[in-house]
Amino acid sequence: SAGNLHTCAILDDGSLKCWGQDSFGQLGDGGSNTNTDAPSSTAIDLGTGRTAVAVSAGSGHTCAILDNGDLKCWGLDSYLQLGDGFANNNWNVNTNQPSSTPIDLGQGRTAVAVSAGMRHTCAILDNGDLKCWGSNNLGQLGDGSTSNKFAPSSTAIDLGTGRTAVAVVADDFYTCAVLDNGEAKCWGYDGFGQLGDGGSNTDTNAPSSTAIDLGTGRTAVA
């Protein structure tokens, strides 16, 4: 996964390494936030016996799904994008390595996909629910508000009756998802028409009831 100024890779043994800019701790090596121009000889500490199955490098933070479905994020937290709530009685605090405690996705829930954007993060859960947290100034969290969230909500994004998510991308100030029926929906900032709704470039703070028109009979796969 290539972020804004750093890159991360999962190796064949499930270990995770990142390199590039480390100004906010996004490399996850627990060091002194020193930029690196090559992968370290030491992998990121994801927890005893834990490996990575998915990774997303955002603008200043990184998120990884572990082999047990846990989700952990580290790096820049100025917009609450790490999703750790009030861990250790702190919030809005940058971290330079994964926490020992995963993000609380809801009782019994695990993550199957994650996307780290510029100021927000989104994850698809094992039941197909989609949740986002972090900056929400332009409605990119899709919860119908413009209030920032420091952790995943107990309520998933309303994608439509009976609909679930199979893919998600959190970009700079907007989010897009592919649904289980092949529909695609986007929400958040629409200054350049990136929501694809054919409207008047109006920001939206929740998925529309109408999917993007991909053409007669066409559906999205990614």
Side-chain angles (χ1 to χ4, degrees), residues 1 8 10 14 16 46-47 50-58 61-75 77 79-87 91 95 98-136 139-145 147-171 174-188 204-209 211 219-222:
S1 179
C8 298
I10 299 173
L16 176 62
L46 298 170
R50 296 274 67 91
T51 57
V53 297
V55 64
S56 181
H61 72 297
T62 304
C63 296
I65 298 175
L66 309 190
D67 59 301
N68 62 352
D70 282 352
L71 176 60
K72 296 184 177 184
C73 298
W74 57 90
D77 196 35
Y79 295 95
L80 317 176
Q81 59 264 57
L82 299 189
D84 53 10
F86 288 93
W91 66 280
T95 62
S99 169
S100 59
T101 304
I103 295 171
D104 183 2
L105 299 170
Q107 186 173 7
R109 297 274 66 91
T110 57
V112 298
V114 63
S115 181
M118 175 182 281
R119 299 177 176 178
H120 73 296
T121 305
C122 297
I124 299 175
L125 309 190
D126 57 306
N127 62 352
D129 280 354
L130 177 60
K131 296 184 177 183
C132 299
W133 56 91
S135 176
N136 196 30
Q140 57 265 49
L141 300 189
D143 62 2
S145 78
S147 300
N148 298 344
K149 301 292 186 299
F150 57 79
S153 170
S154 59
T155 304
I157 295 172
D158 183 2
L159 299 170
T161 303
R163 297 276 65 90
T164 57
V166 298
V168 63
V169 174
D171 212 289
Y174 69 106
T175 304
C176 293
V178 178
L179 310 189
D180 59 305
N181 63 351
E183 291 181 347
K185 294 185 178 183
C186 299
W187 54 91
T204 62
N205 58 16
S208 170
S209 58
T219 58
V221 296

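- Sorted by first and then second residue, the salt bridge (Lys or Arg N to Asp or Glu O under 4.0 Å) pairs with a member in residues 102-125 read R109-D126; sequence neighbours excluded.
- A 4.5 Å side-chain heavy-atom check between V168 and C176 finds every atom pair outside the cut-off.
- Atom CG of N148 is separated from atom CG of N136 by 6.5 Å, given to the nearest 0.5 angstrom.
- In terms of heavy atoms, K131 sits closest to P152 at CD-CB, 4.1 Å.
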Go through R163 and D180 one step at a time and tell me if the salt bridge (Lys or Arg N to Asp or Glu O under 4.0 Å) criterion holds.
CA-CA 6 Å; R163 297 276 65 90; D180 59 305; 2.8 Å; yes
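- The backbone N or O of L82 lies less than 3.5 Å from a partner atom in the side chain of D77, making a donor-acceptor pair.
- In terms of heavy atoms, A116 sits closest to H61 at CB-NE2, 3.5 Å.
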Evaluate C8 against L16 for side-chain contact (heavy atoms from CB on, under 4.5 Å), listing each step before the verdict.
CA-CA 7 Å; C8 298; L16 176 62; 4.3 Å; yes
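- A170 and T175 make their closest contact through CA-OG1, 4.3 Å (heavy atoms, listed as atom of the first residue, atom of the second, distance).
- Judged by distance alone, the side chain of D158 and the main-chain N or O of P207 form no donor-acceptor pair under 3.5 Å.
- For the atom pair CG (L105) and CH2 (W133), the distance works out to 6.0 Å, reported to the nearest 0.5 Å.
- Taken from CE in M118 to CG in D171, the straight-line distance is 8.5 Å, to the nearest 0.5 Å.
- Residues C73 and I103 come closest through the heavy atom pair SG-CD1, 3.7 Å.
- S147 and K149 get closest at one heavy-atom pair: O-NZ, 3.0 Å.
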Run the side-chain hydrogen bond (donor to acceptor under 3.5 Å, both in side chains) test on D84 and S99 for me, step by step, so that the C-alpha distance in whole Å, both residues' side-chain angles and the decisive distance to 0.1 Å come before the verdict.
CA-CA 9 Å; D84 53 10; S99 169; over 6 Å; no
Under the side-chain contact (heavy atoms from CB on, under 4.5 Å) criterion, do V53 and I10 qualify, and how do the steps go?
CA-CA 7 Å; V53 297; I10 299 173; 5.6 Å; no
side-chain contact (heavy atoms from CB on, under 4.5 Å) evaluation trace for V55 with T62
CA-CA 7 Å; V55 64; T62 304; 3.9 Å; yes
With side-chain contact (heavy atoms from CB on, under 4.5 Å) as the criterion, how do L125 and T110 come out once you've worked through the C-alpha distance, each side chain's angles and the decisive distance to 0.1 Å?
CA-CA 6 Å; L125 309 190; T110 57; over 6 Å; no
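- How far OG of S209 is from CG of L159: 12.5 Å, rounded to the nearest 0.5 Å.
- Applying the side chain to side chain donor-acceptor pair (under 3.5 Å) test to Q140 and every residue at least two apart in sequence or in another chain returns N137.
- We find the OG1-CD1 distance between T51 and I65 to be 12.0 Å, quoted to the nearest 0.5 Å.
- Between T121 and C63 the shortest heavy-atom distance is CG2-SG, 3.8 Å.
- Q81 places a side-chain N or O within donor-acceptor distance of the main-chain N or O of Y79, the cut-off being under 3.5 Å.
- Here the OG atom belonging to S208 is positioned 6.0 Å from the NZ atom belonging to K185, to the nearest 0.5 angstrom.
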